S.K.: 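For reference, the structure I am asking about is given below.
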Amino acid sequence: MCGIVGYIGDKNCVPILIDGLKRLEYRGYDSAGIGIVRENDAIVVKNKGKVSLLEEKLVEQNLNSNLGIGHTRWATHGIPNEQNAHPHTNSKNNLFIIHNGIIENFQVLKNALIKLGYTFESDTDSEVFAHLIDSFLNKGYNLSKSVQMALIEVDGTYGLAVIYTLEPDKIIVARKGSPLVIGLGEGENFIASDVSAILAHTKQVIYLDDGEFAEVSINNFAVKTIEDETIEKEIHEINMSLDEIDKSGFNHFMLKEIMEQPESVRNSMRGRLQAESGSAKLGGLTDVVDRLINSKRIIISACGTSWHAALVGEYMLEQYARIPVEVEYASEFRYRSPIISSHDSFLVISQSGETADTLAALREAKNKGALALGICNVVGSTIARESMAGVYIHAGPEIGVASTKAFTSQLVVLALITLLISKRKGISKTKAVELATELNAIPKKIEQILNLNEGIERLAKDFQNAQNFLYLGRGYNFPVALEGALKLKEISYIHAEGYPAAEMKHGPIALIDENMPVVFIAPKDSTYGKVINNIQEVKARGGRIIAIADDADGEIDEIVDYTIKVPRTIEMLTPILTSIPLQLLAYHIAVKKGLNVDQPRNLAKSVTVE
Ligand code: G6P
């Protein structure tokens with residue numbers, strides 16, 4: 001949420017900042033700005049809207065500088081406009097800050113600064129940083145010390161970068177709750193909220209941890225705690241290529257990521273699944289597997305799409321591993337005095353590994369003595385680093401705001417964990433081999449589903465003007481109904497609800513008429529017969545029905561208006577297949593409506609504020 005990038009070196013920073021901001025736009029895109037420092041001169045250029053508009057403005061100005069910071073915003077305090085865009089400056093216009101996060105005591109600090117004579121230009125909480133740091137500079141402290149003293153006064157979260165015309169040899173950065181990396185180059189250094197912004201220039205990075213701040217100069221960096229202790233940091237090598245964060249000829253990242261799923265899912269299993277022996281090896285869990293297996297309870301916590309994956313995980317683990325599982329929204333878990341102990345395992349799922357609520361839930365569970373585990377996509381992310389153990393899904397970078405390939409890879413990893421535990425708990429060899437063999441066959445089956453793309457696009461035409469949608473499923477496919485509805489509302493702005501199919505009778509059935517499209521997720525699993533009854537109930541009330549069904553199911557075509565057929569697999573793995581046509585349906589409807597599917601309004605890819 002919000003993107004930060006900065007450069008210090010001997011090149012012109014403006015194109016580097018713009019390129020970085022474009023790569024970060026998935027984190028927020030309602031306004032953008034850069035601040036540059038050159039020969040005691042400081043210039044800020046900001047704009048409401050996308051980075052491309054800022055770029056147009058910058059072309060006219062033809063600026064050149066070796067030191068600068070840039071920001072793309074996702075508004076929290078103050079509407080998206082030029083004034084509220086970052087960087088924010090002090091009144092002398094010689095100090096620039098960019099900030100990601102929320103200053104919780106900003107009103108108190110703002111009032112105090114106003115009393116001291118400071119005037120504020122924006123409605124943001126972030127501007128407090130500019131004046132607060134300025135107040136310490138005025139007392140004669142240098143930039144580094146002034147930032148440090150300001151941070152002591154601030155409650156809340158921040159990824160912060162600061163530059164100052166009177167000390168033009170450095171960028172100061174600090175982190176608490178919002179990610180920040182330092183990229184190391186030759187005769188140049190970078191700072192960013194995530195590596196995608198600087199990957200074109202360096203693969204050597206340092207991840208700041210909470211409570212740390214750093215002084216970054218052309219040839220050096222020094223990391224300290226806010227309490228002034230020097231810290232030795234490890235340099236990490238990024239194992240990701242630039243191609244992975246490009247659209248590779250697709251119109252949208254979302255479509256590219258949907259189409260990548262045979263490969264991303266294969267990558268999630270690679271080296272982990274042994275189909276012939278029916279077993280799974282997960283290196284990240286080796287040290288904790290005994291404790292995990294002996295847990296009295298597994299709590300899975302997450303937000304958004306990852307929460308839907310957690311619900312599927314609950315079905316998987318309870319059916320096969322026979323350990324009680326609870327699924328909790330991370331945002332609820334953290335504020336309700338949860339009862340949790342060292343007998344519990346607490347598993348968080350997060351694509352980004354940075355979601356503020358999920359991270360807070362993980363920390364809470366860890367503090368209470370639970371075995372705190374993480375399933376993440378982004379390598380080196382905060383959740384990945386703070387979990388006691390975990391599994392990467394290896395889906396590759398996901399840029400489209402609506403999560404697609406991360407979801408299917410999360411399901412694969414949950415299936416692998418289920419296999420690992422249930423094998424150790426003694427499920428039959430036949431069952432284990434069946435499960436592993438089916439999992440192994442999933443990528444090929446996804447390829448078959450992706451061949452339906454054109455048909456789904458035609459179907460989307462018939463539904464692009466719908467005002468509402470209902471998604472219904474049972475058992476393993478109830479979470480898929482939730483996920484299908486979420487995908488549609490996220491990117492097409494059509495109101496959509498997901499429901500357990502049988503629960504429809506207790507309310508949503510009142511909504512059904514000929515204008516209400518209803519998507520049934522109805523593979524031939526143990527609930528199939530019941531779902532068919534629910535389909536009949538909708539049909540009797542005139543609803544237009546789309547069914548996601550088994551490719552061997554001949555009967556269903558007679559009952560419903562449209563079918564999308566997916567290959568058969570075992571019940572536990574059906575969500576990996578049935579969710580994909582729903583991703584494509586949402587995608588094509590949104591495209592037909594002329595919407596920006598990669599950057600839907602009001603959303604952000606990585607929600608680092610609570
Ligand atoms: C945001 C994204 C969703 C995502 C959710 C959780 O809302 O737009 O796509 O599912 O955050 O993100 P995480 O990175 O923790 O999986």
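Everything numeric here is computed off the predicted structure, so don't read it as measured data. Hydrogens, waters and symmetry mates play no part in the numbers below; they use all other heavy atoms, side chains included.
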S.K.: Return each pair, listed once, that meets ring pair (Phe, Tyr, Trp, His ring centres under 6.0 Å) where at least one residue sits in residues 215-244; pairs must be two or more places apart or across chains.
M.R.: Y207-H236
S.K.: Given side chains that start at C-beta, do those of L95 and V162 come closer than 4.5 Å, heavy atoms only?
M.R.: yes
S.K.: Does S264 reach the main-chain N or O of K405 with its side chain, forming a donor-acceptor pair under 3.5 Å?
M.R.: no
S.K.: Keeping the roles fixed (side chain from N66, backbone from K11), state whether a donor-acceptor pair exists under 3.5 Å.
M.R.: yes
S.K.: List the steps and the verdict of side-chain contact (heavy atoms from CB on, under 4.5 Å) for M254 and T404.
M.R.: CA-CA 7 Å; M254 182 176 177; T404 52; 4.0 Å; yes
S.K.: How about E82 and N47: does a side-chain donor come under 3.5 Å of a side-chain acceptor?
M.R.: no
S.K.: Could you work out, with ring pair (Phe, Tyr, Trp, His ring centres under 6.0 Å) as the rule, every residue matching F106, not counting sequence neighbours?
M.R.: H77
S.K.: Looking only at atom types and distance, does a side-chain atom of N84 sit under 3.5 Å from a main-chain N or O of I79, one as donor and one as acceptor?
M.R.: yes
S.K.: Looking at E25 and K22, is there a salt bridge between them, counting it only when a charged N and a carboxylate O are closer than 4.0 Å?
M.R.: no
S.K.: Given the rule in the side chain to side chain donor-acceptor pair (under 3.5 Å) test, do D357 and T355 qualify, once you have shown the distances and angles that lead to the verdict?
M.R.: CA-CA 6 Å; D357 285 320; T355 303; over 6 Å; no
S.K.: Got a sec, which residues hit ring pair (Phe, Tyr, Trp, His ring centres under 6.0 Å) with Y158, two or more places apart in sequence or on another chain?
M.R.: F129
S.K.: Could you walk me through whether V378 and E354 pass the side-chain contact (heavy atoms from CB on, under 4.5 Å) check?
M.R.: CA-CA 9 Å; V378 177; E354 302 292 350; 5.7 Å; no
S.K.: Sequence neighbours left out, what passes salt bridge (Lys or Arg N to Asp or Glu O under 4.0 Å) with E490? Give chain and number order.
M.R.: K487
S.K.: K92 and N138: side-chain donor and acceptor closer than 3.5 Å?
M.R.: yes
S.K.: Verify, without hydrogens or angle tests, whether E257 (side chain) and G400 (backbone) share a donor-acceptor contact under 3.5 angstrom.
M.R.: yes
S.K.: Between S306 and Q351, do the side chains contain an N or O donor and an N or O acceptor separated by less than 3.5 Å?
M.R.: no
S.K.: Taking the side chain as every heavy atom from C-beta outward, state whether L285 and L292 have any pair of such atoms under 4.5 Å apart.
M.R.: yes
S.K.: Which pair of non-hydrogen atoms, one from V37 and one from P168, has the smallest distance, and what is that distance?
M.R.: CG1-CB, 4.0 Å
S.K.: Can you run down the ring pair (Phe, Tyr, Trp, His ring centres under 6.0 Å) pairs that involve residues 165-205, sequence neighbours left out, and say none if there aren't any?
M.R.: Y7-F190, F190-H201
S.K.: Would T157 and K176 count as a side-chain contact (heavy atoms from CB on, under 4.5 Å) if you check the C-alpha gap in whole Å, the side-chain angles of each, and the deciding distance to 0.1 Å?
M.R.: CA-CA 5 Å; T157 55; K176 188 178 164 206; 5.6 Å; no
S.K.: Return the minimal non-hydrogen interatomic distance between I69 and P87, and the atom names on each side.
M.R.: O-CG, 4.3 Å
S.K.: Can you tell me how far apart CG (L137) and OG (S146) are? Round to the nearest 0.5 Å.
M.R.: 3.5 Å
S.K.: Could you walk me through whether T225 and I231 pass the side-chain contact (heavy atoms from CB on, under 4.5 Å) check?
M.R.: CA-CA 7 Å; T225 65; I231 300 175; 3.3 Å; yes
S.K.: Are any non-hydrogen side-chain atoms of K170 and V216 less than 4.5 angstrom apart?
M.R.: no
S.K.: Give a yes or no on whether the backbone of H99 and the side-chain of H86 come within a donor-acceptor separation of less than 3.5 Å.
M.R.: yes
S.K.: Taking atom CD1 of I198 and atom CD1 of I238, what is their separation to the nearest 0.5 Å?
M.R.: 7.5 Å
S.K.: Do the side chains of S341 and K368 get nearer than 4.5 Å, heavy atoms only?
M.R.: no
S.K.: Enumerate the residue pairs fulfilling salt bridge (charged side-chain N to carboxylate O under 4.0 Å, His left out) with a member in residues 114-125, sequence neighbours excluded, ordered by first and then second residue.
M.R.: none
S.K.: For E127, enumerate each residue passing the salt bridge (Lys or Arg N to Asp or Glu O under 4.0 Å) test, keeping only those at least two apart in sequence or located in another chain.
M.R.: none
S.K.: Mind checking the CD1-NE2 spacing from I491 to H252? Nearest 0.5 Å is all I need.
M.R.: 9.0 Å
S.K.: Check for a donor-acceptor pair, side chain of E483 on one end and backbone N or O of H308 on the other, with a separation under 3.5 Å.
M.R.: no
S.K.: What distance separates E364 CD from S337 OG, expressed to the nearest 0.5 Å?
M.R.: 8.0 Å
S.K.: Which residues satisfy the ring pair (Phe, Tyr, Trp, His ring centres under 6.0 Å) test with Y118, sequence neighbours excluded?
M.R.: H131
S.K.: Verify the distance criterion only: is there a donor paired with an acceptor across the side chains of T382 and R175 at less than 3.5 Å?
M.R.: yes
S.K.: The criterion is side chain to side chain donor-acceptor pair (under 3.5 Å); which residues satisfy it with D598, sequence neighbours excluded?
M.R.: none
S.K.: Compare all side-chain heavy atoms of L208 with those of V223 and state whether any distance is below 4.5 angstrom.
M.R.: yes
S.K.: Could you give all pairs that pass the salt bridge (charged side-chain N to carboxylate O under 4.0 Å, His left out) test and reach residues 340-353, with sequence neighbours left out?
M.R.: R297-D344
S.K.: Of V44, I97, I98, which meets side chain to side chain contact (heavy atoms under 4.5 Å, CB included) against H88?
M.R.: I97
S.K.: In Å and rounded to the nearest 0.5 Å, what is the CD1 to CG distance from I34 to L17?
M.R.: 5.5 Å
S.K.: Would you say the side chains of E398 and S403 form a donor-acceptor pair under 3.5 Å?
M.R.: yes
S.K.: Judged by atom type as modelled, is there a donor-acceptor pair below 3.5 Å linking the side chain of S381 to the main-chain atoms of N377?
M.R.: no
S.K.: Look up atom OH in Y164 and atom CG in N142, then write down how far apart they are to the nearest 0.5 Å.
M.R.: 9.5 Å
S.K.: Taking the side chain from D134 and the backbone from A130, do they hold a donor-acceptor pair closer than 3.5 Å?
M.R.: no
S.K.: Return the set of residues passing salt bridge (Lys or Arg N to Asp or Glu O under 4.0 Å) with K50 (not counting sequence neighbours), or none when no residue passes.
M.R.: none
S.K.: Any non-hydrogen side-chain atom of N219 less than 4.5 Å from a side-chain atom of E186?
M.R.: no
S.K.: Ignoring hydrogens, what is the shortest heavy-atom contact between R291 and G369? Give both atom names and the distance.
M.R.: NH2-O, 2.8 Å
S.K.: Can you confirm whether E212 sits close enough to K224 that some side-chain heavy atom of one is under 4.5 Å from a side-chain heavy atom of the other?
M.R.: no
S.K.: Side chain of N105, backbone of V108: donor and acceptor closer than 3.5 Å?
M.R.: no
S.K.: Side-chain contact, heavy-atom cut-off 4.5 Å: L63 with L58?
M.R.: yes
S.K.: Between S345 and S295, what is the shortest heavy-atom contact and its length?
M.R.: OG-OG, 2.5 Å
S.K.: Which of these, V147, I4, V173, I191, sits in a side chain to side chain contact (heavy atoms under 4.5 Å, CB included) with L160?
M.R.: V147
S.K.: Do the numbers put K110 on top of the ring of F120, so that NZ or CZ is under 6.0 Å from the six-membered ring centre and no more than 45° off the axis?
M.R.: yes
S.K.: Applying ring pair (Phe, Tyr, Trp, His ring centres under 6.0 Å), can you list everything that pairs with F333, at least two apart in sequence or on another chain?
M.R.: F346
S.K.: Whether the side chain of K256 engages the backbone of K247 through a donor-acceptor N/O pair (distance < 3.5 Å, no angle test) should be reported.
M.R.: no
